[in-house]
Undergrad: 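Below is a structure I'd like to ask you about.
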Amino acid sequence: MTKKIVRHTVALLLLMLSFSNIYAQKTTVQNIDSRVEALLAKMTLDEKIGQLNQVPGDISTGTDVSKDDLLSRIRSAKIGSVLSHTNFQNKITMQRVAVNETRLGIPLVFGFDVIHGYKTIFPIPLAQAASWDMGLIERIERIAAEEASADGQNWTFAPMVDVTHDPRWGRIMEGAGEDTYLNSRVAEARVRGFQGDDLAAKNTVAACTKHFAAYGFVEAGKEYNTVDMSEQRLRETVLPPFKAAADAGSATFMNAFNVLNGVPASMDKNLITNILRGEWAWKGMVVSDWNSFGETIVHGAAENESDASAKCLAAGSDMDMAGGTFQKGLKKALESGRVTQAQIDEAVRRVLRFKFSLGLFDDPFRYLNQKRHDETLEKPEFRAVAREAAAKSMVLLKNDGGLLPLTEGSRFKKIAIIGPYADSKGNKDYMSFWTLGLGVRDYDSTKVVRPAQALKPALEKLGYEVKVTEICLDATCTEKDYSVAINAAREADIVIACVGERGIDCGENRSVTNLELPREQERILSIIGRLSKPTVMVLFNSRPLVFDWANQNIPAILVAWQPGFETGNALADVLTGKVNPSGKLPVTFPRSLGQVPIYYNHLSTGRPQQYPGEVWTSGYLDAPTTPAYPFGFGLSYTTFSYSNLKLAKSQYKMGETVEVSITVTNTGGLAGEEVVQCYTRDLTADISRPVKELKAFEKIKLNAGESRVVNFRLTEKDLSYWNHELKWKADPGKFKVFVGGNSVDVKEGEFELVR
Ligand code: GLC
C-alpha cells in the first residue's frame, strides 16, 4: 500500500510541477515561442498526435458528454479540439477534464460555424455583401464574436471567401458573390470583426478562412464536385480574398473538400506550403474540412489512413477535423518513414501556438464564464444591428410607377399579404442551414420576426387594411389554397407576394439544378397577375433565382435574401420607406440557368455581341447574352445621377496613382444611400483581360438634391494582373475607367500608362 501512495504522490507532484510550468506565466509575444517549445519538449508522440485531433461535440454526444467516450478520449490526451458543441456546461466539463485530468493539462480549443451570427442571427453572408457596407459587416462579426466567445467558443469556421460564378451551388450564400475585389474587402472586414486587435481578449474569436481553395468552382455547381482551372484564374480570381484574409491576420485556414487540378486540397503542397506559408509568409494553423484528410482516400489519391496522413501533413495541413485519420494513420506514417518527427512537431507547434495566442494557457476557462454567458447572449442591441443589416442588404430590383414605398395617405387602402413565406414558421425559414445547432437541434424559430408579423401592424399604423392569407408551402398547395389566395388578392388594392426558397434549402449540400421559383409559386403569381393588381414580389432567397414571368409582369420586386432574426421588422422598414433600400447585387441574376456561368467580369472574346441577335458573335440563338439583373445593380426610392467623370491626367507614368473623380447627385425627393462603383479595363495587356474589373467602391449618403464629388485613387497594384508568365505586373498601354451605380450604367473615361 505504501508503495502505491508514494507512486501517486510522486505522480501528483510531477503533474503539479508540469501544470505549474504550463500555466505559470502570462503569455506574451516575447515568451510565446519559448513556452511552446518548452511544452512540446515534454510531450509524448501520442500526446502530440492527440493535439492534432479535432472531434465533433453535440453532433456525436447529444447533450450529455458522459454518454459516450468523449471524456475518456480527452482524459487520455487523444483530443486537442472539439467542434460544433452548443452545450455550455458540457464545454466546462470537457475543459476541466483536459486541464485537470491529463498529464500535461493542455486546454482544448472549441470551434464552431459562426456563419451569420451565433445566437442573434443576421442576414446570410451573401445578403450582407449586398449591403457593400464593410463597417456594418465588421460590426456584425464583432457581435457574433461577443456571443460565441461568451458561449465558450474560441474559434469560428469563417469567413468563407470562396468566389463563385454558379448559383446552382448552395454555398453561394456563404460568401460575397462573384467578384474578387468585393470578396477581398468583405474577408478583411470579417476577420477584423471576429479577431478584433487581441486574439486573447475574452470577447474575440479566431477566424478560419475557408475553403482553401477554389471550392466555389465545383463543376456544374454540384456540391463537393471536381475543380479544374488554370493557374491564371486561380491566382487572379480565387486566391486574392484568401490573401486579404491572411494579411488581415486570420489565425487559421481550412482546407477545401475538392480536388484542384486533380490534387485534393488537403494534400496540396503548392497551395498550402508554397503559396500560403511560402509566398504569403502566413504563420497560422491549417485545419482540415470535415474528414477531408480521410476523403483523400475516396478521391483515390491516398491508399489508406497512413498514406493520407503522410500526404496531408507533408503538404502543410495541421489539424484533422472529425475524421480520425491522424489517430489511425499518423504514427504508422512516422514509423514507416513517410513523415518525420520534425514534421509532426511543426504541426503540433502551430496548434499549441494557436492555443497560447487565444490566452487558453493563461486561463483555460476564460471563455467559460457563466456570468458573462448569461449577460451577453442575445442582447437587444444585437437585434437592432440585425434589423439594420437586413434592411441594408435588401436589393430593390424593380419599382415601376413608384409603387413602393407604401406610405400614409396612399390611394390604396386594402393590402393582401400572400405566399408561402408571408408568415412561415418553417424550420430555419428566413435563416439558413447554418444557424445554431447545425441540425442537431432546430433553431427556436419563434425568435424570428416573420414578415407578416411585423408588416401587418406597420401597414395598419399607416391606415391600410391588411389581410394575411393562409399560406401553403409549395408542393403542399391545394386548390383551396389557391382560391383563398386569389380571393384575398381580388379584394385587395395591392398584393404583397412573399415567395422564394425554404431556409433549410440554403447552404452546404444544397446544390440545385433548377433556379426557377417553385411551380406553385409561379402559378400563384401568374393568377394574381391576371387580376392586374399592383403587386410587390418579395423574394426570400439564398442565391440568384430565375423569375422571368415576374420580371415581365410584376411592377415591384425586392430581393430580401434570408434576412435572419429581424426579417419582418426589416421588411416593414423597407416597404414603408422607413429605410430607403440601398443594396446592390454581389452576384449576377441570370435570365435562365442556360446562361450560367454568367458574370460581369468576363473576357471580351474575339466577337462580343453588340446587340441581341447579332450574327457570328458570341451569343445564343434563343436568348440574349445580358443577365436579368447585372452585378452591382440595385434601385433606391430616390434617383442618382452621375456626371463630370474626370481623370487628373490622360497619361500616367508606371508607378503613378491614377486619380478619378465623379459627381454624384441625388436627383430624387428622398435621402438615400448609393454605392458608387469604379471599374477598369486593361485594353492592351499581354493576355486577354476582363471587360470590367471592380477596383474600388464607396457607399455614400446624399440628401434630396445634394451632390458630392467622389474620388478614387488607382495604384499600379490596382492595375496589375497575373500575366502569361504568371508574373504579377501592370502593363503600359491604354485603360478604360468606368464609374456608376452598377456594372452596366456607367460613365466612361480613358487613360494611358506609359513607361
Ligand atoms: C462542413 C463545411 C465547413 C464547416 C465544417 C464544420 O462540412 O464544409 O465549412 O466549417 O464542416 O462544420
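Numbers here simply count residues along the sequence, with the first being 1.
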Undergrad: If you take the centroid of each ring, where Trp contributes its six-membered ring, are Tyr367 and Phe110 closer together than 6.0 Å?
TA: no

Undergrad: Ignoring hydrogens and geometry, is there a side-chain-to-backbone donor-acceptor pair from Gln54 to Leu83 under 3.5 Å?
TA: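 Flag not set: sc Gln54 to bb Leu83 has no pair under 3.5 Å.
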
Undergrad: Are the side chain of Trp155 and the backbone N or O of Val109 linked by a donor-acceptor pair below 3.5 Å?
TA: no

Undergrad: Just verifying a value: how many Å separate Ile172 CD1 and Arg510 CZ, rounded to the nearest 0.5 Å?
TA: 16.0 Å

Undergrad: Quick one, Asp33 with Arg353, criterion salt bridge (Lys or Arg N to Asp or Glu O under 4.0 Å). Give me CA distance, side-chain angles, the key distance, then yes/no.
TA: CA-CA 7 Å; Asp33 287 334; Arg353 191 175 217 289; 3.0 Å; yes

Undergrad: When rounded to the nearest 0.5 angstrom, what distance separates OH in Tyr118 from CD1 in Ile115?
TA: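 If I round to the nearest 0.5 Å, the distance is 12.5 Å.
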
Undergrad: Begin from the C-alpha positions of Tyr215 and Tyr224 and carry the test side chain to side chain contact (heavy atoms under 4.5 Å, CB included) through to its verdict.
TA: CA-CA 8 Å; Tyr215 187 3; Tyr224 312 126; 3.4 Å; yes

Undergrad: Treating His116 as the side-chain partner and Phe122 as the backbone partner, does any N or O pair qualify as donor plus acceptor under 3.5 Å?
TA: yes

Undergrad: Would you name the heavy atoms of Gly193 and Ala145 that are closest together and state the gap between them?
TA: O-CB, 4.1 Å

Undergrad: Is it the case that the side chain of Gln95 and the backbone of Pro364 share a donor-acceptor pair, with hydrogens and angles ignored and the cut-off at 3.5 Å?
TA: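 Present.
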
Undergrad: Any side-chain heavy atom of Asn541 sitting closer than 4.5 Å to one from Val559?
TA: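 Yes, their side chains come closer than 4.5 Å.
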
Undergrad: May I ask you to test the Asn580-Glu673 pair for a side-chain heavy-atom distance under 4.5 Å?
TA: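 Asn580 does not reach Glu673 side chain to side chain.
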
Undergrad: Would you indicate whether the side-chain heavy atoms of Asp247 and Trp282 approach each other to under 4.5 Å?
TA: no

Undergrad: Just grab all the salt bridge (charged side-chain N to carboxylate O under 4.0 Å, His left out) pairs involving residues 364-374, residues at least two apart or on different chains.
TA: Glu146-Arg372, Lys371-Glu375

Undergrad: Taking the side chain as everything from C-beta on, heavy atoms only, tell me whether Phe697 gets closer than 4.5 Å to Met134.
TA: yes

Undergrad: Near Lys699 NZ, under 6.0 Å, is it more than 12 heavy atoms from other residues, nucleotides or ligands?
TA: yes

Undergrad: Any chance you could lay out the salt bridge (Lys or Arg N to Asp or Glu O under 4.0 Å) test for Asp318 and Arg277, step after step, and finish with the verdict?
TA: CA-CA 12 Å; Asp318 302 310; Arg277 298 192 190 286; 2.8 Å; yes

Undergrad: Test your reading of the model: is there a side-chain donor-acceptor pair from Thr102 to the backbone of Ala77, 3.5 Å cut-off?
TA: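 Pair absent, no side-chain N/O of Thr102 close to backbone of Ala77.
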
Undergrad: Heavy-atom distance under 4.5 Å between the side chains of Cys208 and Phe194, does that happen here?
TA: no

Undergrad: Phe433 and Asn509: side chain to side chain contact (heavy atoms under 4.5 Å, CB included), yes or no, with the steps?
TA: CA-CA 9 Å; Phe433 156 86; Asn509 187 35; over 6 Å; no

Undergrad: Please say which of Lys392, Arg383, Lys447 ends up in a salt bridge (charged side-chain N to carboxylate O under 4.0 Å, His left out) with Glu566.
TA: Arg383

Undergrad: Roughly how far, to the nearest 0.5 Å, is CG of Leu52 from CE of Met285?
TA: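 Going from CE on Met285 over to CG on Leu52, the span is 9.0 Å.
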
Undergrad: Whether the side chain of Lys210 engages the backbone of Asp289 through a donor-acceptor N/O pair (distance < 3.5 Å, no angle test) should be reported.
TA: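 No, Lys210 side chain to Asp289 backbone: no donor-acceptor pair under 3.5 Å.
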
Undergrad: Scan side-chain atoms only and decide if Thr120 and Glu147 contain a donor-acceptor pair under the 3.5 Å cut-off.
TA: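 Their side chains do contain a donor-acceptor pair, which is all the 3.5 Å distance test asks for.
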
Undergrad: Do Gln195 and Glu141 meet the criterion of a side-chain donor-acceptor pair at a distance under 3.5 Å?
TA: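 No donor-acceptor contact under 3.5 Å links the two side chains.
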
Undergrad: Excluding sequence neighbours, so at least two apart, what forms ring pair (Phe, Tyr, Trp, His ring centres under 6.0 Å) with Phe540?
TA: Tyr430

Undergrad: Under the salt bridge (Lys or Arg N to Asp or Glu O under 4.0 Å) rule, what do Asp505 and Arg543 come out as? Steps first, then yes or no, please.
TA: CA-CA 10 Å; Asp505 293 336; Arg543 72 185 90 217; over 6 Å; no

Undergrad: Kindly indicate whether the side chain of Val286, heavy atoms from C-beta on, has any atom under 4.5 Å from the side chain of Thr252.
TA: no

Undergrad: Assess whether side chain to side chain donor-acceptor pair (under 3.5 Å) is satisfied between Asn255 and Ser288, documenting all intermediate values.
TA: CA-CA 5 Å; Asn255 300 131; Ser288 79; 5.1 Å; no

Undergrad: Would a 4.5 Å heavy-atom cut-off, applied to side chains only, mark Val55 and Ile74 as touching?
TA: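 No. Closest side-chain heavy atoms not under 4.5 Å.
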
Undergrad: Should the pair Arg139-Asp133 be classified as a salt bridge under the 4.0 Å nitrogen-to-oxygen rule?
TA: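 Between Asp133 and Arg139 there is no salt bridge, as every charged N stays at least 4.0 Å from the carboxylate O atoms.
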
Undergrad: Run the side chain to side chain contact (heavy atoms under 4.5 Å, CB included) test on Thr164 and Glu178 for me, step by step, so that the C-alpha distance in whole Å, both residues' side-chain angles and the decisive distance to 0.1 Å come before the verdict.
TA: CA-CA 5 Å; Thr164 186; Glu178 71 191 45; over 6 Å; no

Undergrad: When you measure from the side chain of Ser250 to the backbone N and O of Ala246, does any donor-acceptor pair fall under 3.5 Å?
TA: no

Undergrad: Give a yes or no on whether the backbone of Glu501 and the side-chain of Gln562 come within a donor-acceptor separation of less than 3.5 Å.
TA: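 Side chain of Gln562 to backbone of Glu501: a pair is present.
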
Undergrad: Can you name the residues that form a side-chain contact (heavy atoms from CB on, under 4.5 Å) with Ser357, not counting sequence neighbours?
TA: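 Testing Ser357 for side-chain contact (heavy atoms from CB on, under 4.5 Å), a comparison that skips the adjacent residues, returns Ile32, Leu199, Phe354.
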
Undergrad: Quick one: pull up NZ in Lys584 and CH2 in Trp132 and give me the separation to the nearest 0.5 Å.
TA: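 It is 8.5 Å, given to the nearest 0.5 Å.
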
Undergrad: Can you tell me how far apart CZ (Arg171) and CD (Glu508) are? Round to the nearest 0.5 Å.
TA: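 Output value for this atom pair is 4.0 Å.
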
Undergrad: Can Asp429 and Lys425 be said to form a salt bridge (Lys or Arg N to Asp or Glu O under 4.0 Å), step by step?
TA: CA-CA 7 Å; Asp429 277 351; Lys425 300 176 183 67; over 6 Å; no

Undergrad: Kindly state whether the ring of Trp280 and the ring of Phe242 have centres lying under 6.0 angstrom apart.
TA: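 No, ring centres 6.0 Å or more apart.
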
Undergrad: List the steps and the verdict of side chain to side chain donor-acceptor pair (under 3.5 Å) for Asn203 and Ser149.
TA: CA-CA 6 Å; Asn203 64 348; Ser149 58; over 6 Å; no

Undergrad: If the condition is side-chain contact (heavy atoms from CB on, under 4.5 Å), which residues does Asp573 pass it with, not counting sequence neighbours?
TA: Arg387, Lys578, Val579

Undergrad: Please check: side-chain N/O of Asp166 versus main-chain N/O of Gly221, any donor-acceptor pairing under 3.5 Å?
TA: yes

Undergrad: Between Glu674 and Ser636, is there a side-chain heavy-atom distance shorter than 4.5 Å?
TA: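 A side-chain contact under 4.5 Å is absent here.
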
Undergrad: Please list all pairs passing the salt bridge (charged side-chain N to carboxylate O under 4.0 Å, His left out) test where one or both residues lie in residues 121-132, with sequence neighbours left out.
TA: none

Undergrad: Roughly how far, to the nearest 0.5 Å, is the CG atom of Leu126 from the CD atom of Glu174?
TA: 10.5 Å

Undergrad: For Asp179, enumerate each residue passing the side-chain contact (heavy atoms from CB on, under 4.5 Å) test, keeping only those at least two apart in sequence or located in another chain.
TA: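 Per chain and number, Asp179 pairs via side-chain contact (heavy atoms from CB on, under 4.5 Å) with Tyr181, Leu182, Tyr600, Asn601, Phe631, Leu694.
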
Undergrad: Measure from the side-chain N and O atoms of Gln453 to the backbone N and O of Arg450, and report whether any donor-acceptor pair falls under 3.5 Å.
TA: yes

Undergrad: Could you go through Arg192 and Glu188, starting from their C-alpha distance and side-chain angles, then the distance that decides it, and tell me whether this counts as side chain to side chain contact (heavy atoms under 4.5 Å, CB included)?
TA: CA-CA 6 Å; Arg192 284 194 304 266; Glu188 290 161 350; 3.6 Å; yes

Undergrad: Verify the distance criterion only: is there a donor paired with an acceptor across the side chains of Asn31 and Thr28 at less than 3.5 Å?
TA: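 Result is yes, a qualifying pair exists.
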
